[in-house]
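Here's the structure we're looking at; comments come further down.
Per chain, numbering begins at 1; letters A, B, ... match sequence-line order.
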Number of protein chains: 2
Amino acid sequence: MNSKGPGVYKPLKMGKNVSMKDIAGRIGVSTALVSFVLNGKAREKRVGAEMTRKILEVASELNYMPNQIARSLRKGSTMTIGLILADIANPFFGSLARVIEDEANKHGYTVIVGSSDESKTKTEILITTLTNRKVDGFIIVPAEGSEELIKGIMHKNIPMVLVDRFFPALAASYVALDNYQASYEAVRCLIGKGKMRIVILAYRSSLIHMQQRIAGYIAAMEEGRLHDNICIREIRYEHVHEDVQRVFQELIISGKKADALFLATNSLSVSALYCIKEQGIKIPEELAIVGFDGNESFDFFYAPLTYVKQPLDEMGKESVKILVDHINGSKKTVQVKLKPNLIIRESCG
Amino acid sequence: MNSKGPGVYKPLKMGKNVSMKDIAGRIGVSTALVSFVLNGKAREKRVGAEMTRKILEVASELNYMPNQIARSLRKGSTMTIGLILADIANPFFGSLARVIEDEANKHGYTVIVGSSDESKTKTEILITTLTNRKVDGFIIVPAEGSEELIKGIMHKNIPMVLVDRFFPALAASYVALDNYQASYEAVRCLIGKGKMRIVILAYRSSLIHMQQRIAGYIAAMEEGRLHDNICIREIRYEHVHEDVQRVFQELIISGKKADALFLATNSLSVSALYCIKEQGIKIPEELAIVGFDGNESFDFFYAPLTYVKQPLDEMGKESVKILVDHINGSKKTVQVKLKPNLIIRESCG
DNA sequence: CTGAAAGCGCTTACAG
DNA sequence: CTGAAAGCGCTTACAG
């Protein structure tokens, strides 16, 4: 058979996907009809029952699959959410991403994830890429220094929710832990165990979540009349292990200047655990510790870690819910602070 | 100023993104010119230097950003890769996803990730969604029972690479560990330590990677003249902890029927560690163990785990490289088996 | 050599 | 009530 020859049916070009045009062509109607029927608007648009049946039949026969790209271009909506976080390989963010993925799917959205590595430059590239791909909205764990980039998204009126951190000066919706409270409770717990020389290990960052964790630490220390013992050590994100090792050397190994350590993030906790193991430090006798964010390692450490648990599920679900509301037109800024949960075990003494 | 009134410039509608048409309209040229210049084809298409300058200037002035959706529709290429894995919250897959993300970005691709939970149904939904979104190619960690779905992708001539597992009957490209060898070496190591009653804990799965791990175990046992001691316990993915506990009860706690355990996956290893901790079993004296895939927990367990390490980096990079080749037209099926690396520590005795 | 026109595959406002 | 025609924002084959 000559593929260019006349035939009852228009032959389908090899390798080409079947489109509404193909279905319409076979039946001899406009693509509009096909679109109505395939989108379940047959009734609404008063398409006859027989025609509806026929269109459905041919669509199924040709194994029609809608082209979401064409649909997106026409509708101006991609049913896609851009998720920017620090690092998908970090179990904390991996788990958060999973909750967001599932929740977004429930609402019919597909998620595109990108890792910023806490870098402003990478964040900018991700925002540009995802904006050009016309995501319907953003869920972002903002990196330090990205405030202007976040503002840019707001100016463009692209729906957005910040997660884990936020910028106090921006009227953006966010879902975050009450970090001040979390830190305060953690340090109170150490003080309650009789610890006096409590050091906080935090990242060197102006981001609010870190500042609040430090503020909670300071508040608890002052309340415990330990003002003179306040000792804050800031770690560089790009040199975690190196810096943590130096702090251990200074405060614990050579100096015995600390009797307790509060680790302000998950990765700092893990890094500290490696130091403790390397140096053979006895927990909690020589040093009491409290970590941040759950982690399997915390359970298997010989002295299971006391840690601040974040409600990841709630965080993920809430952020998707708020974002979808924004996408659906809600202009209301929603700022949620989640309650922390201190899991007390052996490591704090 | 009346927005409909005459003016030197066409006023831009509020909230609307600026398009090539807007730029073209301001200057009084066709969008074709604009497209050429903005895509760096000014030279090639012989657009005058002055015109090029003007277009670039206006584009920057209006803060033009290309609409990737329109571009995709027209070009038939989205510069997007669909990644389907078991669960992004699992650190093994999270780390793999991260390598793939970075590598894909280097080649100009954006990655859309989806978690199948090892379910055929979820896999099917993900494949359909991503196909309709016109991803340029797939990287898939196939779930059990998904062979027909994978075949479907091949029939549509959509570029694809399988990772971690594959189907021996399909001529699809893949990158996977040499699981037979990995398992063989792990069990040989246990035998070398004088263990005789070595049990393998594996998932109940017909997938090749699991079958190969079991086959490697059997081969090592037979070579060690331990044929009669071969003991394979299969765990249901949906009831991991329950099944693992039952096995521990039967083989170790009540029976002392095993002196060593080979855990055939990362999640089985973690589950077993929880049982060991709960029951206070002494490792390696009462029971020697070897796990699969690196994991921070393995380091912090009181007897650091001996485990089979997968070359994740290589796996991710190689799979992207092969996929990009396929997208660029290569029809050559590439099947890569990666060498395992046994990390020997205290847990194996 | 240059640039207007067609078309990717949809959806929906609008004319009849 | 019905369905043909316009248009989303690009790229590129093709006519002049």
### Val47(B) or Ala70(B), whichever maps to the more 5' nucleotide of DNA chain C
Val47(B)
### Query
Roughly, in whole Å, what's the span from CD1 in Ile69(B) to P in dC8(C)?
18 Å
#### Entry: For Lys120(B), all residues meeting side chain to side chain donor-acceptor pair (under 3.5 Å), sequence neighbours excluded
none
Please list, one pair per line, the donor and acceptor atoms closer than 3.5 Å that link side chains of residues 30-37 of chain A to other protein atoms, with sequence neighbours excluded.
unit_1: Ser30(A); atom_1: OG; unit_2: Ala32(A); atom_2: N; d: 3.3
unit_1: Ser35(A); atom_1: OG; unit_2: Asn39(A); atom_2: ND2; d: 3.3

### Whole-Å gap separating P (dG3(C)) and CD1 (Ile27(B))
12 Å
#### Entry: Taking every non-hydrogen atom, the tightest pair across Thr123(A) and Ser119(A)
OG1-O, 2.7 Å
### Task
Convert the base pairs of DNA chain C into dot-bracket notation, remembering that pairs crossing earlier ones are written with [ ] and that bases paired across to another strand are shown as |; include only Watson-Crick or G-U pairs under 3.5 Å.
|||.||||||||.|||
### Query
Hey, does the side chain of Lys21(B) come within less than 4.0 Å of dC8(D)'s phosphate (OP1/OP2), counting only N and O?
yes
### Task
Can you sort out the partners of Ser95(A) under side chain to side chain contact (heavy atoms under 4.5 Å, CB included), two or more places apart, ordered by chain and number?
Leu312(A), Ala89(B)
### Message
Protein within reach of the bases, or only the backbone? For nucleotides 11-16 of chain C, mark each nucleotide 5' to 3' as B, S or -, using heavy atoms under 4.0 Å.
### Response
BB----
### Task
Rounded off to whole Å, could you give me the CZ-to-P distance for the Arg43(B) and dC1(C) pair?
13 Å
### Message
List the residues meeting side chain to side chain donor-acceptor pair (under 3.5 Å) with Gln335(A), not counting sequence neighbours, and say none if there are none.
### Response
none
### Partner set under ring-ring contact (aromatic ring centres under 6.0 Å, His included) for Phe166(B), not counting sequence neighbours
Tyr174(B)
### Query
Taking CE from Met51(B) and C1' from dG3(C), how many angstroms apart are they, rounded to a whole number?
10 Å
#### Entry: Spacing between Asn17(B) atom CG and dC8(D) atom P, to the nearest angstrom
13 Å
### Task
Can you tell me the distance, in whole Å, between the CG atom of Asn67(B) and the P atom of dC8(D)?
12 Å
Using atom types as modelled, flag every donor-acceptor pair under 3.5 Å from a side chain in residues 315-326 of chain A to any protein atom, sequence neighbours excluded.
unit_1: Lys317(A); atom_1: NZ; unit_2: Asp313(A); atom_2: OD2; d: 3.4
unit_1: Ser319(A); atom_1: OG; unit_2: Met315(A); atom_2: O; d: 3.1
unit_1: Ser319(A); atom_1: OG; unit_2: Gly316(A); atom_2: O; d: 2.8
unit_1: His326(A); atom_1: ND1; unit_2: Ser330(A); atom_2: O; d: 2.9
unit_1: His326(A); atom_1: NE2; unit_2: Ser173(A); atom_2: OG; d: 2.7

### Query
Mind checking the P distance from dA13(C) to dC10(D)? Whole angstroms is fine.
22 Å
### OP1 or OP2 of dG3(D) under 4.0 Å from side-chain N/O of Ser30(A)
no
### Message
Quick check for you: among dC10(D), dG9(C), dC1(C), whose closest atom lies nearest to any side-chain atom of Arg46(B)?
### Response
dC1(C)
### Summary
All heavy atoms of Ile158(B) vs all of Gly137(B), minimum pair found to be CG2-CA, 4.3 Å
### Message
From CD1 of Ile55(B) over to P of dT2(C), roughly how many Å is that when rounded to an integer?
### Response
13 Å
### Message
Output the rounded distance in Å from CG (Asn132(B)) to C1' (dG9(C)).
### Response
13 Å
### Task
With sequence neighbours left out, write down each residue that passes side chain to side chain contact (heavy atoms under 4.5 Å, CB included) with Thr78(A), or none if nothing qualifies.
Ser72(A), Thr80(A), Lys134(A), Asp136(A), Ile69(B)
